[in-house]
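Working notes, structure below.
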Protein chains: 2
Amino acid sequence: MGKKVTIRDIARLAGVSVTTVSQILNGKGERFSQKTRDKIFKLRDEYGYVPDFNARSLILRQSSSMIGVLVPNISSPFFGTFVEGVQHVAQHERMIPLIFSADRNAELEQNYLSQMLERSIDGLIIASATMTTDTINRIIGARDVPYILFDQNYAQEGTRVLTDDYRGGELAAQHLADLGHKKIAILEPNELSENFTQRLTGFQDCLRKNHIELDVAHNVIKAPLSRRGGYDAAAAVIKAGVTAAFAGNDDMAIGLMRGLRERGVKVPDQISIMGYDDIYLDEYVSPQLTTIRQPIMDLGIGAAKMLLNKIHSDQEQEQIQRFPVELVQRQSTARVR
Amino acid sequence: MGKKVTIRDIARLAGVSVTTVSQILNGKGERFSQKTRDKIFKLRDEYGYVPDFNARSLILRQSSSMIGVLVPNISSPFFGTFVEGVQHVAQHERMIPLIFSADRNAELEQNYLSQMLERSIDGLIIASATMTTDTINRIIGARDVPYILFDQNYAQEGTRVLTDDYRGGELAAQHLADLGHKKIAILEPNELSENFTQRLTGFQDCLRKNHIELDVAHNVIKAPLSRRGGYDAAAAVIKAGVTAAFAGNDDMAIGLMRGLRERGVKVPDQISIMGYDDIYLDEYVSPQLTTIRQPIMDLGIGAAKMLLNKIHSDQEQEQIQRFPVELVQRQSTARVR
DNA sequence: ATGAAAGCGCTAACAC
DNA sequence: GTGTTAGCGCTTTCAT
C-alpha cells in the first residue's frame, strides 16, 4: 500500500510543527503567514496527504455517521425502491447507509447486525424476515442504538413505519367482492409476520362482511413470497377451483400469473389476480397487475427521517408513522362470469 | 446517546489496570486469574462495553475493511443482482460494501466517491454512467485506492470486468438474421458508453455480414436506458416500419413491449423484440423476452474477487476479466412473415 | 498474576 | 506567527 504520509511527515518536510499543518489544513490557518500556508498546501498535494479517518474521528468524537439498513432482498423492486428512499435522505445529511441483503437467512442477518454494531453505527432500519425484537435487542445489547422496524417483522412494538395493512386487506377483499367473486384463494407465506397477519385479517373480515366464505382448509395456499413461489403455486390455485386469488405480494402475483399462463389459464377471464405493494413492474406485465399500493419510496424516506430524528433527539419514546394504502385497479382483475 | 463506557471505566470498576482488561477481552488473558477474568467479562456485559472502533483501528493500523460500490440504480434488477454478487464475496471476507445508487447524476456520483474516499475505503467497484477514468483518478488523487470498472464506463483502460459485448451484439444480430428479419431497429442510449459501442459494433458488423442494411438515419432510435425510455420509444419503432427491434437492455425492451402492446402491435407476430442482459424478469413478462444473457451475479462476484485480490496483492498491473455471453431464445422473437 | 508507560495520528487549548 | 503539550481510547512491550 505504500507507507502512508502522516501529518508529521508534512510538518517535518515544511519545517513547521504539526499544529501549523493541522490548523492550516483544517481551514483555521488565518493566523499563519500566507507563505507557510501555501507551502503546506503544496506539500499536501504533492505527497497526497489525507488525514487518517480513525485518528480524526477518535479525537473529534464524531459519530460514525453511518446508518444500517437490513433488508431481505436488495434485488427485489420493493426493497430496492425502499432503499433508494433511505439513501436519498441519508445523503442529505451526509450519512452513509450500510445496506445488507440477508436473504431471509437468520444467521446472516445476525451476522450483519453484529458487524454494523461493531462499527458503531448510529442507527438501524430493519426489515428482517427472521428476527424478533428480542433478538434484535439482545444483539444490540446495552448499546444505545436506535432502530426503526419496517415491513416484515415479528413485532408489535418498537418504533416503526407502518402501512395500514388491515385496511389494505379490506380494500383487496372489497374489490374482489365488488366484482362478484365468491370463490377466492389466498397465497400467503408460511411464517406470518405482523404485517401479513394484519393484511389477512382485514381481508377475511371484509369477506365475511360481504357474506363470502373463505374455505380455509383448501383455499389458503402456503407459498414462498417470491415470483418462484407464486409460479409454483399455480397448480394449487387451479385445483382450488377459485375465480380469484389474492397473492401475498406483487412478486408472488407476477409469478402466479406466469404459472397460470403456462397452464393455459386466462387472467383475468378465468381467474382474477390481485397483488400487494405496487412495485414498478406491475404496469409492465401483461395483464397489468391490480394491486394494493404501498408508497414504497415514501416508506424509505419516512423510515430514514424517523431514524435520523431519533438519533439526533435521543428520545426514548416509541413512535409509529403510518402510511396510507390504496387500491390500484389494473387489468388482472375482472367481473366474475 | 448516553456516555460511552470506555476500557478505563471497566478497569476502574474492576479495580484493575486497563492492560488487564484489554488483554482479557482480546482473548490474551491466559496469564490472569480466572477470578479476574470472570469479573471483567461480567462487567463488560453489564455495562455493554464495546471497544471503540476508531481507537482500535488506529492502533492496529487496520484498514477500514470497506469497499465502495457505485451503481446507477440499485432498484433495477440488473444492478440489484450485481450488488448481491458483490456483497456475497465481501461478506465472506468480512468486508463491508458501501453501496451507492447515483441515478446517473454526475454530481451525486462524485459526491459519493469523495465520501467513500474520506472514509479510507479499501477499494472501489464503479459502474458509473458519467465518470471517465480521468475524473475518477482525479478524485482518488494520490491515494492508493484500487478500483474495478464495470458495465457503463467511458473507459478503455483500467482493471475491469467485462463481458464480450461485441460478441453479444453479433449473437443478437445473427439471431434476427436467422429469423429472416431485414428491417431492424436499434434502441440505444444517447451517450454510448464503451460497452454499448462494442455491442452495437458487433451488431452492425454481423448485420453487414448477413447483407442486411441498417437504416442508420431512421432506424437507430435514441432513448433512455429504462423501461420508460423503451415505452416512450414505441411510437418511433412503429413508425420505422421494422419487423424487429434490438433494445439496449432488457428494461428498455420490456418497456418497449408494453408500449407496443398498448398500441395494438403484437410481439412477436408483428415485431420481434430482443433485449440484453437476461434480468430475472424476462421470464415473467409476456411474451417472455428473448435476450443476450450476461451472467450478472457472476459479474458481481468476479468484480469483488478481483478487487479483493487487488487490495491484498497490491499489484499495479491492469487486469481484465472477461465473461461469456449467450443467446437466450424465448418468445419475443419469431420468424418474419 | 498484574500494571506502568509508550505511542497510534490527530486536534486544540494555551503558551511564547 | 508559531510551537508545546495534553489528550482521544486503545493495545502492547516490558517491568515487577
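Every chain is numbered from 1, with letters handed out A, B, ... down the list of sequences.
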Is there any protein nitrogen or oxygen under 3.5 Å from a nitrogen or oxygen in nucleotides 12-16 of chain D, and what are the pairs?
unit_1, atom_1, unit_2, atom_2, d
D:dT12, OP2, B:K28, NZ, 2.9
D:dT12, O4, B:T19, OG1, 3.2

Summary of ring-ring contact (aromatic ring centres under 6.0 Å, His included) pairs that have at least one residue in residues 39-70 of chain B, sequence neighbours excluded: none

Positions of residues 35-52 of chain B (non-hydrogen atom under 4.0 Å from DNA chain C), listed by number: B:T36

Which pairs pass salt bridge (charged side-chain N to carboxylate O under 4.0 Å, His left out) with one or both residues in residues 35-44 of chain A, sequence neighbours excluded? none

How many Å lie between CZ on B:F53 and C1' on C:dC8, as a whole number? 15 Å

Let me know, please, whether B:A55 or A:V21 comes out on the 5' side of the other along DNA chain C by nearest nucleotide. B:A55

Residue pairs involving residues 101-116 of chain A (criterion salt bridge (charged side-chain N to carboxylate O under 4.0 Å, His left out); sequence neighbours excluded): none

Taking the side chain as every heavy atom from C-beta outward, state whether A:M116 and A:L124 have any atom pair closer than 4.5 Å. yes

Just to verify, what does A:T135 make a side-chain hydrogen bond (donor to acceptor under 3.5 Å, both in side chains) with, not counting sequence neighbours? A:T132

If the condition is side chain to side chain contact (heavy atoms under 4.5 Å, CB included), which residues does A:S64 pass it with, not counting sequence neighbours? A:M66, A:S120, A:D122

Choose from D:dC8, C:dT11, C:dC8 the nucleotide whose nearest atom is closest to any side-chain atom of B:R8. D:dC8

Residue pairs passing the salt bridge (charged side-chain N to carboxylate O under 4.0 Å, His left out) test where at least one lies in residues 6-33 of chain B, sequence neighbours excluded: B:D9-B:R12

B:N54 CG to D:dT11 P, straight-line distance once rounded to whole Å: 13 Å

List the residues meeting side-chain hydrogen bond (donor to acceptor under 3.5 Å, both in side chains) with A:N137, not counting sequence neighbours, and say none if there are none. A:Y147

Distance-only side-chain donor-acceptor flag, A:T36 / A:S33, under 3.5 Å: yes

Check whether any side-chain N or O of A:R56 sits under 4.0 Å from OP1 or OP2 of C:dT11, and answer yes or no. yes

To the nearest 10 degrees, what angle separates the axes at the start and end of the helix from C:dA1-D:dT16 to C:dC16-D:dG1, five pairs each? 50°

Touch check for B:G29, heavy atoms < 4.0 angstrom, all strands: base, sugar-phosphate only, or nothing? nothing

Does B:R61 have a side-chain nitrogen or oxygen under 4.0 Å from the phosphate oxygens OP1 or OP2 of D:dT11? no

In whole angstroms, how far is the P atom of D:dC10 from the CD atom of B:Q62? 14 Å

By the ring-ring contact (aromatic ring centres under 6.0 Å, His included) test, which pairs, at least two apart or in different chains, include something from residues 84-132 of chain A? A:F100-A:Y112

I'd like to check the salt bridge (Lys or Arg N to Asp or Glu O under 4.0 Å) partners of B:E118; sequence neighbours left out, ordered by chain and number. A:R94

